[in-house]
Every structure is written in C-alpha cells, then in structure tokens.
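Keep in mind it's a predicted model, so treat the numbers as computed, not measured. Heavy atoms only: backbone and side chains are in, while hydrogens, waters and symmetry mates are out. All chains are named by letter (A, B, ...) in the order of the sequence lines, taking the proteins before the strands, and each is independently numbered beginning at 1.
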Amino acid sequence: MNTVRVRFAPSPTGYLHVGGARTALFNWLYARHHDGVFVLRIEDTDLARSTDEATQVILDALQFLGMDWDEGPGVEGDYGPYYQSKRLDLYGKYADKLMEMGRAYKCYCTPEELEKKREEQIKQGQATHYDRHCLHLTAEQEAQYQAEGRTPVIRFKSLDEGVTEVDDMIRGKVRFDNVAQVDDFVIMKSDGMPTYNFAVVVDDALMRITHVIRGEDHLSNTPKQIQIYQALGFPVPRFAHIPMILGPDKSLLSKRHGATSVMQFKEEGYLSHAMVNYLALLGWSYDDSQTLFSIPELIEKFSLERVSKNPAVFDIQKLEWMNGVYIRELSLEDLYSEILPYWQQAGFLPQDVNSELKDYGLRILKELQPRLKLLADAVDLARYFFTDDYEYNQEVVEKILTKPQTKEILKYISEAVANASVLDEENLKPLFKQGLEQFGVKMGDLIQPLRVALTGTNVSPGIYDVLALLGRERVLERIKRTLEMLEERS
RNA sequence: GCCCCCAUCGUCUAGCGGCCUAGGACAUCGCCCUCUCACGGCGAAGACACCGGUUCAAAUCCGGUUGGGGGUACCA
C-alpha cells in the first residue's frame, strides 16, 4: 500500500487564519489516521510580503495547535526544499519542458490589452479566456515586441476539446468543459516567478503528494492543474475540497468579523485542545451525538467521508463554551500554568513565585475554574484577591449598599469575623444566622452587602470561600473602608 | 457575463427511501440547586428554502426556481 502523503501549504502573510488552521488540521488528521506523512510547504513566491517572521508566526501557530509536520521547515525530508522561493529553478525547468513539448508558449500581451478583450467577452456573454493571440508568433513579431520592451509571460496551452473531470473525494465527479473553462493561463510571470496554479502542481508532484485536501475555493482551478499534471506526465493525486468557513453574515470569514488569527485566539485565552476540537467540527462530524473529542480520538475517528459539503459559519459562542469545558477538565496545576502568564502580566504575581503565593493562586483557581470561559477572564475575576486597588461597581453599590440596616449589618459581620476562631463556613455560618434573627433579614441581605464590601461587585465565588481566601485582616480592613465610604455618602 | 459548488432548528450538524410525530450540541427561555455569578440537573421553544416529478412510500432520488458561496488575475 502506498503511503499517504498530504501537505499544508500556507503563504506567509503574517498570521495563520482559522480557515487555514482548519485545512491544516484536516490534512494532519488524515495523515495521522492513515499513518501517512504530513508535509509543510511555505508558498513564499510573493517576495514582497514574505518574511522570515511571517513564516515563524505560522509555524508557532501550528505548534500551538499541536500539529507536527514530518517534512518541512526545520524537518528535512527527501523532497525538499520546502520553501517555494528555494525551488524557483524547478518551475523554470518544467516550464521549458512544456514549451519544448509545444504545451506552453510565450505571450507578449499587456495586462491592458488583455483586460480590454476580457471586457469584450463579458459584454458578449461569453466565458473569459485568452484568445491565443501569441500562440503562433513569427520571429519578426517576437523581435518587434521585444524591441518595444515587452517582457513575456509563459502560457500553458490548454486542451482544445473534451472535458476535464475532477473526482473529488467529498463532492464526487465534477466536470469542466476544457474549451470554455480552461483557458491558456499564465504559468510563469514576466518577473520569472511561477503562478500558483503551476507551482502547486510542480511541488505537489515532486513531493509525491497523494491527497490534496484544501479549501473549496480551489475547486474551480483544479481542472487547470489536472491538465498540467497530465501534460507533464505526473500522476494526478486525489482531491478533497473542504467547505469554506463563513462569518455570521455568511460571507467569507475575515478580519472584519473579529479575531481570525489563531495566535490571537491563543492570546485571548483559548486552549489548544478547544481550538482543535472546535475546528474539527467545522465541516466534519462523527455521529449524531459526540461533540467532545480528545486528540487521539480525533485521529482515530476522522475520515474524509464524513466531511460536510456545505459552508460552515464560525460560531464563537460554541468555541467559548468548549473552551470552558476544557478549562474545567484541566488539573489545578495545569490550569495554574496556563494562567500564570496572565496574572504576571497583570502584576498580580511576580516573575518568581514562591510556594506560598503559588498555593494561594491554586486556591483561587479552584474557585474560578468553573467560572472561566477564557483564560484571560482570570484577570478581572481575581483582581480583588490580589490587590486592594479595585473599582467599586457604582451601580451595585447603589443597589445593595443603600438598603436600610446595611451599615449595622456590616458592623455586625465585622465583629463576627473578628471573633471567629477560623474564617470558614463551619465557624461563620452560625454567627451569620444569629445576625439574621437580630436584623430580621434573609441570608442574602447579609451576604450581598458583604460581597460588595469585599469585592466591589455582586458577583464572586461563594462568600465563605472569598472570606477564607482574603483572610481576617483584609476582610476587616475592607469592611471598614466600605463603612467609611458609606459615611461619606450620607 | 460565463462556469463550478452548496441548501435540515438562529449556528454547527445527525439523517445516505419506510426506524422521522426529524436526533444531538451551542445559543435562547423556564424550573431546580443556591448567598450572587458560574458549574450541574430537568424541561421548553426552534428546521427539512420553493415548485414539479419518480415511488406503494421522500428530508432522503431526478429536474427547475430561488438563495448563498466560490472561481473566472502576470494573488495564493
């Protein structure tokens, strides 16, 4: 049996888009499922925009998602180099070969001339295609063009009849009319660089790619590529065109829909596992019930047969939910490791955390864990545990601390806290209950003002946990501070 | 303009002729738990785009319409 060889071929434009990440994931899962080879190839022929940094960003993003490649940057294999910019001689070589065979020719037409013809064709209701003006140029005509300073491109001479069929693993057989749909497209630009449709064939063929799994936006270009494969005598790989990812308005997902960069998601506090699991479900499903998958499970269960044909809207809410699920699955130790950088950046914890502080962090995390959707949420939710410098939510103060008896209640709690042997539920609850009788109120009327006094908000973990974490000294200080604030107001 | 792809709840989807009074997940709403918020539990609402066929039988097959997406470049 032949080894499955798939590839992900991003162009380094500065970041890895979630659509690209999903394409990479499907390739990676397919390779791992079939014990195949996952190749990473950098399509950096756009020299103006491609930089080493931009490439590194993509590698980092793939690494974050746990997609390791078997051949590619940093992992030399038998079919390198894996940067298109280092393969330029190959494209020239195969373009020459096509010209020798009479399957390619030089074209001196200018973009302006071509645009004019194109407009004319559209006006007449025809399909747009090159009119082969330069197919049979005489030596004199060529010399004339060169004298005019024109630099030629090389065009592929496409088939004059018949149809080219794409046997897509997801969409089935798709037929394209050779004459109308495959024109003599450019394979080498005037600057000597190959065009995408040409380079991708040369590279995929030379790298022995067996399955081309890519976005549906490439489906229409596939017949062109197949004709190149055939002209060059290369075996044609299998194709699988996966559905596009759309924004909420059903247009192609892009920056204007919000974050689309994988690394940006990472910074906001999305876990690698959640990203991968969610992305896997965008266009693929296993059965009618399972939505949560471990990575090994994904590898085991993934198949192209179960990839959907319809485009999928990127649903950030579902991703958030899933992130919460995986945050809750983390051990406290692991959660701490994930959140430490956020707390350090917020100035809550120093670069070197001693064991006492770490233990405190762990205790906080125990309470925060079920409340987190994003790792970054742990900053705002934990602020009052680390600093006295937090804002009082004025709306909440208005609503809760203005009730009658509030000051008396807080004073009562202050005494209870001062007198309790240990600040925990067992010791405090009886004292609080006494207060209920004394003031003739319910537990909430006692706890909510206390919560506001201690946290500045009406949302926090259970009050006994907050009390225990803050400790007697800070609790008393904060109640005192709150009482002073109330005095000033009245 | 021309060509290609697609069409089940708001969203992701299950469904590959009878198992469907269409299942699950997110989101929404209600109830429970409860000191708030989460978590968790229970429940509700919510879809086969439309029109023709084929068939004893259609969400499932075929055609058309409409809608959405993509391609049509010296971008990838």
Neighbour count >12 (heavy atoms, 6.0 Å) for atom NZ, A/Lys189: yes
Pairing partner (Watson-Crick or G-U wobble, both distances under 3.5 angstrom) of B/C39: none
Heavy atoms only, 4.0 Å cut-off, all strands: where does A/Ser289 land among base, sugar-phosphate and nothing? sugar-phosphate
Need to verify one output field. Residue with the more 5' nearest nucleotide on RNA chain B, A/Lys429 or A/Leu246? A/Lys429
Heavy-atom neighbours of A/Asp52 CG exceed 12 at 6.0 Å: no
Is atom CZ of A/Arg472 surrounded by more than 12 heavy atoms (other residues, nucleotides or ligands) closer than 6.0 Å? yes
For the CD atom on A/Glu148, are there more than 12 heavy atoms of other groups (residues, nucleotides or ligands in this structure) within a distance under 6.0 Å? yes
Check this for me: does the side-chain of A/Arg371 come within 3.5 Å of the base of B/C37 through a donor and an acceptor? yes
Separation of B/C4 P from A/Ile226 CD1 (nearest whole Å): 15 Å
With a 3.5 Å limit on both atom pairs, tell me what B/C2 is paired to, counting Watson-Crick and G-U wobble, or say none. B/G71
Could you tell me whether the phosphate oxygens of B/A76, OP1 or OP2, come under 4.0 Å of any side-chain nitrogen or oxygen in A/Lys189? yes
Round to a whole Å and report the spacing from CZ of A/Phe198 to P of B/A73. 18 Å
Does any donor-acceptor pair link the side chain of A/Arg171 with the base of B/C5 at a separation under 3.5 Å? no
On the six-membered ring of A/Tyr130, is A/Arg155 placed so that its NZ or CZ lies under 6.0 angstrom from the centre and within 45° of the ring axis? yes
Quick one: does A/Gln290's side chain get under 4.5 Å of A/Lys301's, heavy atoms only? yes
For nucleotides 27-33 of chain B, which of its nitrogen or oxygen atoms have a protein nitrogen or oxygen under 3.5 Å away, and what is each distance?
none

Have A/Thr128 and A/Arg118 got a donor and an acceptor in their side chains that come within less than 3.5 Å? no
For a quick check of understanding: with a heavy-atom distance under 4.0 Å over all strands, which category does A/Asp217 fall into, base, sugar-phosphate or nothing? sugar-phosphate
Step through the shown structure and confirm whether more than 12 heavy atoms of other residues, nucleotides or ligands are within 6.0 Å of CD on A/Glu161. no
Partner lookup for B/A44, please. Criteria are Watson-Crick or G-U wobble with both distances under 3.5 angstrom; report none if nothing qualifies. B/U28
Just to confirm, is there a sub-4.0 Å distance from OP1 or OP2 of B/A76 to any side-chain nitrogen or oxygen of A/Thr45? yes
Any base atoms under 4.0 Å from A/Leu252, or only sugar-phosphate, or nothing? Heavy atoms, all strands. sugar-phosphate
In whole Å, what is the span from the CZ atom of A/Arg118 to the C1' atom of B/C3? 15 Å
Checking base pairs now: Watson-Crick or wobble, both atom distances under 3.5 Å. What partners B/C19? none
Integer-rounded Å distance: B/U72 P and A/Leu219 CG: 12 Å
If I pick the C1' atom on B/C12 and the same atom on B/A47, what distance separates them, to the nearest angstrom? 13 Å
Does A/Lys250 put a side-chain nitrogen or oxygen below 4.0 Å from OP1 or OP2 of B/U11? yes
Between B/C51 and B/C56, how many Å separate the two P atoms, rounded to a whole number? 23 Å
Taking the same atom, C1', in B/U13 and in B/G70, what whole-Å distance lies between them? 22 Å
How long is the line joining CD of A/Glu115 and P of B/C74, in whole Å? 10 Å
Cation-pi check for A/Tyr326 against A/Arg328: NZ or CZ below 6.0 Å from the six-membered ring centre and within 45 degrees of the axis, yes or no? no
For the C1' atoms, the ones on B/C35 and on B/G43, what distance do you get once it is rounded to whole angstrom? 26 Å
Find which nucleotide of RNA chain B each of A/Lys173 and A/Arg155 is nearest to by heavy atoms, and output the residue with the more 5' nucleotide. A/Lys173
Measuring only the P atom in each nucleotide, how far is B/C32 from B/A14? A whole number of Å is fine. 37 Å
d(CD1, A/Ile463; P, B/U34) in whole Å: 17 Å
RNA chain B contacts among residues 176-188 of chain A, heavy-atom distance under 4.0 Å: A/Phe176, A/Gln181, A/Val186
Same-atom distance (P) from B/C62 to B/G18, integer angstrom: 15 Å
Side-chain donor-acceptor pair present, A/Ser251, A/Arg256, cut-off under 3.5 Å: yes
State whether a side-chain donor-acceptor pair under 3.5 Å links A/His273 with A/Ser294. no
Tell me the partner of B/U65, counting only Watson-Crick (N1-N3 plus N6-O4 or O6-N4) or G-U wobble (N1-O2 and O6-N3) with both under 3.5 Å; none if nothing fits. B/A49
Just by distance, with hydrogens left out, do A/Tyr108 and A/Gln146 show a side-chain donor and acceptor under 3.5 Å apart? yes
Need one value for A/Val174: base, sugar-phosphate or nothing, where a base atom within 4.0 Å counts as base even if backbone is also close, heavy atoms only. sugar-phosphate
For A/Gln405 and A/Asp445, which I'm curious about, is there any donor-acceptor pair between the side chains at under 3.5 Å? no
When the C1' atoms of B/U8 and B/C50 are considered, how many whole Å apart are they? 15 Å
d(CG, A/Asp465; C1', B/C39) in whole Å: 13 Å
Under 4.0 Å, counting only non-hydrogen atoms across every strand here, what does A/His241 touch: a base, just sugar-phosphate, or nothing? nothing
Heavy atoms only, 4.0 Å cut-off, all strands: where does A/Pro223 land among base, sugar-phosphate and nothing? nothing
Any strand is fair game: report the nucleotide pairing with B/A14 by Watson-Crick or G-U wobble, both distances under 3.5 Å, or none. none
Is the closest side-chain donor-acceptor distance between A/Arg478 and A/Ser414 under 3.5 Å? no
In this structure, how many angstroms lie between the P atom of B/A76 and the CD1 atom of A/Ile58, rounded? 15 Å
Taking everything shown except A/Glu395 itself, do over 12 heavy atoms lie less than 6.0 Å from its CD? no
Which listed nucleotide (B/C35, B/C4, B/U36) is nearest to the side chain of A/Val459? B/U36
With distance as the sole criterion, is a donor-acceptor pair present between the side chains of A/Asn323 and A/Tyr278 under 3.5 Å? no
Base, sugar-phosphate, or nothing for A/Glu43, non-hydrogen atoms under 4.0 angstrom? sugar-phosphate
Name the closest nucleotide to the A/Pro370 side chain, picking from B/U72, B/A38, B/G69. B/A38
Could you write out each protein N or O paired with an N or O of nucleotides 13-19 of chain B at a distance under 3.5 Å?
residue : atom : partner  : partner atom : Å
B/U13   : OP1  : A/Gly283 : N            : 3.1
B/U13   : O3'  : A/Ser285 : OG           : 3.2
B/A14   : OP1  : A/Ser285 : OG           : 3.1
B/A14   : O3'  : A/Arg306 : NH2          : 3.4
B/G15   : OP1  : A/Arg306 : NH1          : 3.2

With C1' as the reference atom in both, quote the distance from B/A7 to B/U60 in angstrom, rounded to an integer. 14 Å
